[in-house]
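The structure appears right after this line, and notes come after that.
Computed from a predicted model, the values in this text were never measured in an experiment. Every heavy atom of this structure was used, including side-chain atoms; hydrogens, water molecules and symmetry mates were not.
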Amino acid sequence: QVQLIEFGGGLVQAGGSLRLSCAASTRSFSDYTMGWFRQAPGKNREFVAAISRNGGPAYYADSVKGRFTISRDNAKKTLYLQMNSLKPEETAVYYCAAAYVRSASVTPEHYEGWGQGTQVTVAS
């Protein structure tokens with residue numbers, strides 16, 4: 001079982017940047033593929049980015065490619081999401097998620113561990 005806590009959300013102007021962090025409480029963080037998802041009011045949870053267990057291949061939603069960067073530090077058991085050039089339509093609650101011994105996936109149902117989420121608000 002893995003417990004996740006997100007940090008770093010807040011209010012930013014359009015075009016600005018934020019860095020989200022997700023701290024994991026588990027002995028085997030490196031056994032988990034990690035992902036970021038977001039959910040805006042009235043919308044389904046959507047995939048943002050995912051990263052393999054060893055920090056190798058990363059995957060991004062088309063809408064964030066070139067602006068967002070996912071990374072992880074297995075020694076610190078922490079996942080990151082650097083978000084640049086933020087847009088107002090990206091206002092949402094951002095969640096980190098963990099999938100045990102699984103390839104990176106864009107499907108929320110493939111992740112069994114979820115944080116409580118952190119609010120990101122992008123003002124126009």
> Has Arg53 got its NZ or CZ under 6.0 Å from the middle of the six-membered ring of Phe29, at an angle within 45 degrees of the ring axis?
Replying inline: no
> Given Lys43 and Glu89, is the salt bridge (charged side-chain N to carboxylate O under 4.0 Å, His left out) satisfied, shown in steps?
Replying inline: CA-CA 12 Å; Lys43 295 188 176 181; Glu89 56 265 36; over 6 Å; no
>> Whether the side chain of Lys87 engages the backbone of Ala14 through a donor-acceptor N/O pair (distance < 3.5 Å, no angle test) should be reported.
In response: no
>> Looking at every non-hydrogen atom in both residues, tell me the closest pair between Leu11 and Ala123 and how far apart they are.
In response: CD1-CB, 4.1 Å
>> Assess the residue pair Asp73 and Thr78 against the criterion (side chain to side chain donor-acceptor pair (under 3.5 Å)); give the C-alpha distance rounded to whole Å, side-chain angles, the decisive distance to 0.1 Å, and a yes or no.
In response: CA-CA 5 Å; Asp73 185 331; Thr78 303; over 6 Å; no
>> If the threshold is 4.0 Å, N to carboxylate O, is there a salt bridge linking Arg45 and Glu109?
In response: no
>> Suppose we call two aromatic rings close when their centres sit under 6.0 Å apart. Are Trp114 and Phe37 close by that rule?
In response: yes
> Can Leu79 and Leu20 be said to form a side-chain contact (heavy atoms from CB on, under 4.5 Å), step by step?
Replying inline: CA-CA 8 Å; Leu79 176 73; Leu20 304 183; over 6 Å; no
>> Main chain of Tyr94, side chain of Gln39: is a donor-acceptor contact present, judged purely on distance under 3.5 Å?
In response: no
> Does NZ or CZ of Arg19 fall inside the cone over Tyr80's six-membered ring, less than 6.0 Å from its centre and within 45° of the axis?
Replying inline: yes
> Is there a donor-acceptor pair under 3.5 Å between the side chain of Tyr111 and the backbone N or O of Ser105?
Replying inline: yes
> Ring centres of Tyr60 and Phe47 under 6.0 Å apart?
Replying inline: no
> Yes or no on side-chain contact (heavy atoms from CB on, under 4.5 Å) for Val12 and Thr121, after CA distance, side-chain angles and deciding distance?
Replying inline: CA-CA 6 Å; Val12 64; Thr121 302; over 6 Å; no
> So, do Glu6 and Trp36 sit near enough that their side-chain heavy atoms are less than 4.5 Å apart?
Replying inline: yes
>> Less than 4.5 Å apart, side chain to side chain, heavy atoms only: is that true for Phe68 and Glu90?
In response: yes
> Is a donor on one side and an acceptor on the other found under 3.5 Å between the side chain of Thr91 and the backbone of Val122?
Replying inline: yes
>> In the structure I gave you, are the side-chain heavy atoms of Gln82 and Ser71 within less than 4.5 Å of one another anywhere?
In response: no
> Does any non-hydrogen side-chain atom of Gln13 lie less than 4.5 Å from one of Leu86?
Replying inline: no
>> Surrounding CG of Asn44 (heavy atoms of other residues, nucleotides or ligands, distance under 6.0 Å), is the total greater than 12?
In response: no
>> Any side-chain to backbone donor/acceptor pair from Thr26 onto Val2? Under 3.5 Å, distance only.
In response: no
> Can you name the salt bridge (charged side-chain N to carboxylate O under 4.0 Å, His left out) partners of Glu46, sequence neighbours left out?
Replying inline: Arg38
> Are the side chain of Ser21 and the backbone N or O of Phe7 linked by a donor-acceptor pair below 3.5 Å?
Replying inline: no
